[in-house]
Amino acid sequence: MVVLSYLFYVLVFPGLLFSTIVGLILSGIDRKVVARMQKRIGPPIIQPFYDFFKLLGKETIVPRTASRKTFLYAPVIGLLALVTVALFIPMFKFTAISTVADIIVIIYLLTIPAVALIIGGAASGSPYAGVGISREMVAIISYELPLVIVLLTIGKKVGMALNNGAITFSLSQIVNYQAQYGPMITKWSLIPAAIALLLIIPIKVGSVPFDIAEAETEICEGPLVEYSGVPLAIFKLNHAIKMFIMTSLFVTLFLSGKGTGILIVDILLQVILSAIVVIVSISTLKAITARLKVEQVLKFFWTYPTALALLSLILVWMGF
Amino acid sequence: MQHYPILSIVTLFLGAFLTVIFGSKNETVRKFIALVASSISLILVLMLIKPVMIENNVIQYWMGNWRPIHDWAIGIGLEVDSLGLFFGIIAVVTIFLSIVFSFRYTEKDSETDKYYVLFLMLSGSVLGLVFTGDLFNMFVMIEIMTFAAVGLTAFRNYQEGALEAALKYLVLGSIGSSLVLAGTITIYSQVHTLNMAQISALLFNNLTPSTLFAFALLLAGYSLKAFVVPFHPAAPDAYMSAPSSISMAFSGMVNKAGVYAIIRLVYVLYHAMSFKSIQLLLIIIGTITMFVGVTMALAQNDFKRLLAFHSISQIGYVITAVGVSTALGLTAGLYHALNHTLFKGLLFLTAGAVFYATGTTDLNKLGGLAKKMPQTAAVFLIGAFSISGLPPFNGFVSKWLVYQATYQANLAPVTIVALLVSVMTLASFIKVAQSIFFGQMPKEFENVKEVPLSMRIPMWIMAILCVLTGIFPNFVTKYLISPAVSAALNVGKYIDIMMGNGYAEKILGKPVEIPAVDYVLAGYWNPVAWLVLFALLLLAVTIVAVAGGFNTASLPVDGDDSKYEVFFGGEANEYSHVKGNDLFWGLKYDLRHYFGFMHDAHSGIINDYALWAIFTTTIFIVYIFLLVP
Amino acid sequence: MILVNYIACIILIVLGFYVILTKKNILKIIIGMGLVDYGINLLIISIGFNPGGTAPIFTFSELRPESFFVDPVPQALTLTSIVIGACVTAMALSLVIKIKEKYGTLDADKVRRLNG
Amino acid sequence: MLKELIAKSFEKSPWLFHLNTGSCNGCDIEIVSVITPRYDAERMGFKLTGTPRHADIVLVTGPITSQSKDRLIRTLAQVPDPKVVVAIGSCPRSTNVFNGSYSVEGPLDKYVPIDVSVAGCPPKPEAIIDGLAKAIEILKEKRRAMK
């Protein structure tokens, strides 16, 4: 019986099917909201589904200089890592598989898709991909610092209350804390951390103001330049699922709580909140700002979000 | 069972002398002696695991049977507890794999009998250092180790900079040895014995100024041997110019011997871990080492020099974790030391394979070797992913323990620096992957072939070990790490075994309390369950892919028309491989002042390096005198 | 304890370090290393010295309770240390010869191709 | 079921790649204006991509100058099947005013079969969108033919 429920978790509910559908819907919402902000009608919400299936139908070309196996398996590895992360993120008291990973592990699991993109781009052997890789790596270094500080702050805040002073990294304890004391966003000492995480989501997902790695105009889609057909479809799917995971991680860390107790309503609430976070953080930034230069990204992320996160870390350390 | 430790050391030294006598003429005799010597010592040490690690008893062995007479140790004693054996196992495995690798690796060199003599001396001295229970014997073993290391660094003296690296290593090594010798003698002047067990009993609570002075000197000397940052400049030169199988032994054994000496000094001899200031000193050194090591590695454009700086930064991790003197800290430190030996040894072997195949390890000249050397590329990727701590591999587990240990000890800035350093490690290995294995291949490497089988076997063994220690952390901690941690913390048993039980109690007046080795983890990481989910998903995706008619075999083999050429903005494909220096421009531009300063600090002049070493020793002495008593 | 011994040791060691730090000629640096080594050897000997004691060479018959000896252990240590000092100097000189052959100069500022 | 979904999605999300072979940029500005809020081609799923590997419809502008001739052929070869070539403006059709110049290598259909050609110098955005609609039809047939 356990195997069946595991299979259901992995393949259908928070696993492959659910996260694919919700991820594509969220990226559809994002494109629609950006269009509406530019007074355009914009593509239908299910446009990403059409993109995905069209790419499935296209021919797959593997360039001569590419090392074939790495080139073709990189997107799959990225997809698998992303979907397994979706299993660990609790949604209002419901966690598919709880005692497998904590926050620090999730940070590292979320670097696997980025590394898969990099290794895939490197394997394609194109100079554009080479430049794209170096920019993607600079982006990873820039957002890792504030992301880590935010998660350590939350670990300390929850640990002080629940874990008698010691820190905690487990997501389920964070949700229990918010069930007792209300969502984390209401604690004033953690608002700077929330803002910092809101700034981190666009660069982690790779959306416009910070997508220095896949800049179509400058370096022709960076690491994805040689991809076409099914591997490209999987990479675009990774892109969408990463958007769902980062926003639902934000919701779990800052906006979750007791929830309504009914599973379906909880899941819907989580998805709606994720959609709101997508609109607030990714779409508005995409509509307002233009793409940054490479060194501006690092300078930006090592100053403003890091300062915000450090502020809330110090506040939490002082016991607020 | 009593004689295994001394036998394993002696077989290695015997192997060295036999190679000199018989080996100088033909190749096979030399290789045979080296293989037999290293495999005998490997078997002897591995047979020690059961009695020492599992049944938890400590082997003591008095040279020449000079037992202590009415509670005073006269002779030189060998004491093998689980801490010593843990580092012994690391050393012996590295020795065996390095010798197997060097059979084909050094076939192009002349005078390889000198190579095997020096290497067997190096390995014998490391084993001797790890098993000895006598302080002066430790100094002698360190001296032999430095000697053999200098000889091996200059082995390929036709190479650019090998002689210079050997001289710098010798000068800094001899400064370090003088510090260790002075420290040993100052301790001797206080306690009039050289046996470590008796010293630790007598030093329990009489930290007079001269023993503190000795502590500072010894700490400085041993950190120089472990290549901690202020003392590190000789290491990158030495690792770069030594043959790769030797630099693998350097980063696998030699700096681990330094770390072992520091742990033995701080935990067992001086029980200094109860002083907050000593913990802080070790943590500060470790954090600086971590950060400087990795930032210097990012700016390198030679593969082996980059790996050398990474060895220094990973030793920084180990020293920080050891500085956090909780049981979890020590577990994290020792686990990371084991993992470091595995993945760093693997990476140095891949560097050796690349050097063997192409003749250069310069990141600005290589490219696209994955197509010609697929197995080396695969093994390199396993090594790179485990050093940058990606989950299923072993680097992640020990780094995860390090973060837990440092953050539970209320050291948030150290955890943040540790995580940032881990991402920068990933960055530098992506740089190596792109500039050596992927991207376009320069014309002159057209006929590069995969390295011979006898070089690939040790690489695959290390890769498999890397993955295994990553997937079964609780198995490794239960049998290897926890006994070593309890041996380091439980000083009473260490003393009683050597000097007859009840000795510690007699000297101290109260029984030595045995700290428990239990720690609670703030989070959880269950690699096996994660892999099961990953495999389930992989199965599902492959079924869908095959049903949908997408399997890699069905893709058309690339024809000669321009459809399969790389998109160059329409241009014909010419050689423009993004490599080495062109990567991470944004990061180097933003931190250009820091990188500029660091580049000038490593000026390459011997006097500057000696100045760094002596300046830091004075800081150690002043720090310890001000803060400890 | 004769204070003169310790002052001599300190002078030797400090002089040795001074030579290592400031002299640009590699040969002088090696001499500096030797100086440091001999300073420490003198330190070892002076630690084991008990004023008025005789050399600890005796047969059991001559052993009388009131006989007073100098501590033999440091002297054994000094032997090893001297041997090690000699070998280090020998290897360093062989390296210096090869460097002179290859780099053409012994000036530390010029022998710095590996840096950064 | 999946096959019809894929066939239908070809109609719904055609990606464009703009290839300039020496045009006077009159047509290029018009192409970009098609994506502005006023004409909003994105609502039909059109998206400009940076690399020919991602493209379905290739918009060629300008008379084929001698420099850009072999680059044109190479880039068009690198577009994965099913692909559609759309000639924007009259230059690719008849090299317009540049006819007979020493550096113009003649109309586009000497090298590549043109599927749709949008006349005008420069063509109005509505004409370009109409051309793209016809291109989508051809794309669907090519997709069906490809199977």
Side-chain angles (χ1 to χ4, degrees), chain B residues 74 136 139-140 143-144 146-147 150-151 154 157-158 160-168 170-171 173-175 177-179 181-182 184-186 188-189 192-194 233 236-238 240-241 296 299-302 305 595 598-608 610-611 613-615 617, chain C residues 1 9 13-14 16-24 26 29-30 32-41 43-48 71 73-74 76-78 80-81 83-85 87-92 94-103 106-116:
Chain B
I74 303 292
F136 190 75
F139 163 72
V140 172
E143 201 50 39
I144 302 172
T146 321
F147 236 55
V150 165
N157 49 23
Y158 52 86
E160 173 65 25
L163 290 168
E164 181 192 335
L167 189 74
K168 283 179 203 157
L170 187 66
V171 170
S174 79
I175 292 175
S177 312
S178 318
L179 293 176
L181 183 60
T184 323
I185 292 313
T186 333
Y188 180 80
S189 67
H192 292 292
T193 172
L194 287 169
D237 305 348
M240 181 167 137
S241 31
M296 275 309 287
Q300 295 306 327
N301 46 39
D302 177 85
R305 197 168 171 83
F595 279 116
M598 268 300 145
H599 183 78
D600 304 340
H602 295 72
S603 60
I605 303 167
I606 308 174
N607 310 69
D608 296 356
L611 180 68
I614 293 163
F615 177 70
T617 330
Chain C
M1 278 309 107
C9 298
I13 292 173
V14 165
F17 281 137
Y18 172 75
V19 164
I20 291 177
L21 291 183
T22 50
K23 289 297 173 241
K24 285 297 175 193
I26 304 177
I29 291 174
I30 291 161
M33 271 161 37
L35 272 177
V36 169
D37 235 5
Y38 293 137
I40 293 175
N41 291 346
L43 179 73
I44 305 172
I45 289 292
S46 45
I47 278 173
D71 185 349
V73 172
L77 306 186
T78 336
T80 343
S81 165
V83 163
I84 290 171
C87 297
V88 164
T89 323
M91 176 171 258
S94 65
L95 281 174
V96 163
I97 296 165
K98 290 298 282 182
I99 284 178
K100 173 73 178 163
E101 200 181 283
K102 198 157 189 301
Y103 289 74
L106 280 187
D107 181 357
D109 289 346
K110 303 225 171 17
V111 178
R112 50 180 289 226
R113 292 198 189 138
L114 295 178
N115 52 34

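Rounded to the nearest 0.5 angstrom, C/Asn115 CG and B/Glu164 CD are separated by 8.0 Å. Taken from CG in C/Leu35 to OG in B/Ser178, the straight-line distance is 11.5 Å, to the nearest 0.5 Å. The CD1 atom of C/Ile44 sits 11.5 Å away from atom OH of B/Tyr188, with the distance rounded to the nearest 0.5 Å. Taking CG of C/Leu21 as the start and CD1 of B/Ile614 as the end, the distance is 4.0 Å to the nearest 0.5 Å. We find the OG1-CZ distance between C/Thr80 and B/Phe136 to be 4.0 Å, quoted to the nearest 0.5 Å. Once rounded to the nearest 0.5 Å, the distance linking CG of C/Leu114 with CD of B/Glu160 reads 6.5 Å.
Ranked by heavy-atom pairs under 4.5 Å with chain C, the first of B/Asn607, B/Thr184, B/Leu181 is B/Asn607. Of the listed residues (B/Leu163, B/Asn157, B/Asp608), the greatest number of heavy-atom pairs within a distance under 4.5 Å of chain C belongs to B/Leu163. Contact count against chain B (heavy-atom pairs under 4.5 Å) is highest for C/Cys87 among C/Cys87, C/Ser81, C/Cys9. Interface remark: of the candidates B/Arg305, B/Met296, B/Met240, B/Arg305 forms the most heavy-atom pairs closer than 4.5 Å to chain C. The candidate with the highest count of non-hydrogen atom pairs below 4.5 Å against chain B, out of C/Asp109, C/Leu77, C/Thr22, is C/Leu77. Taking C/Asp37, C/Ile29, C/Ile30, C/Val36 one by one and counting their heavy-atom pairs under 4.5 Å with chain B, the maximum is reached by C/Ile29.
B/Ser603 approaches C/Arg112 most closely through the heavy-atom pair O-NE, 2.9 Å.
For B/Tyr158, the part sitting under 4.5 Å from any heavy atom of chain C is the backbone (N, CA, C, O) and nothing else. Of the atoms belonging to C/Ser94, not a single heavy atom falls under 4.5 Å from chain B. Looking at C/Met91, both its backbone and its side chain come within 4.5 Å of chain B, counting heavy atoms on both sides. Both the backbone and the side chain of B/Ser189 come within less than 4.5 Å of a heavy atom in chain C. With a threshold of 4.5 angstrom between heavy atoms, B/Ala154 approaches chain C through side-chain atoms but not through N, CA, C or O. There is no contact between C/Ile13 and chain B, counting heavy-atom distances below 4.5 Å. Residue contact with chain B, scored on non-hydrogen atoms closer than 4.5 Å, involves the backbone of C/Lys23 exclusively. Proximity to chain B (any heavy atom under 4.5 Å) is restricted, for C/Ile40, to the side chain, taken from C-beta onward. In this structure, the portion of C/Lys102 lying under 4.5 Å from any heavy atom of chain B is its side chain and not its backbone. If you measure heavy-atom distances from B/Ile74 to chain C, you find no contacts under 4.5 Å at all. For chain C, the nearby part of B/Leu194 is the side chain; its heavy atoms alone come within less than 4.5 Å.
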Go through C/Lys24 and B/Ile605 one step at a time and tell me if the side chain to side chain contact (heavy atoms under 4.5 Å, CB included) criterion holds.
-> CA-CA 9 Å; C/Lys24 285 297 175 193; B/Ile605 303 167; 3.6 Å; yes

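C/Val73 has its side chain out of reach of B/His192: every pair of non-hydrogen atoms, C-beta onward, lies at least 4.5 Å apart. Counting heavy atoms from C-beta on, the side chains of C/Val111 and B/Leu167 never come closer than 4.5 Å.
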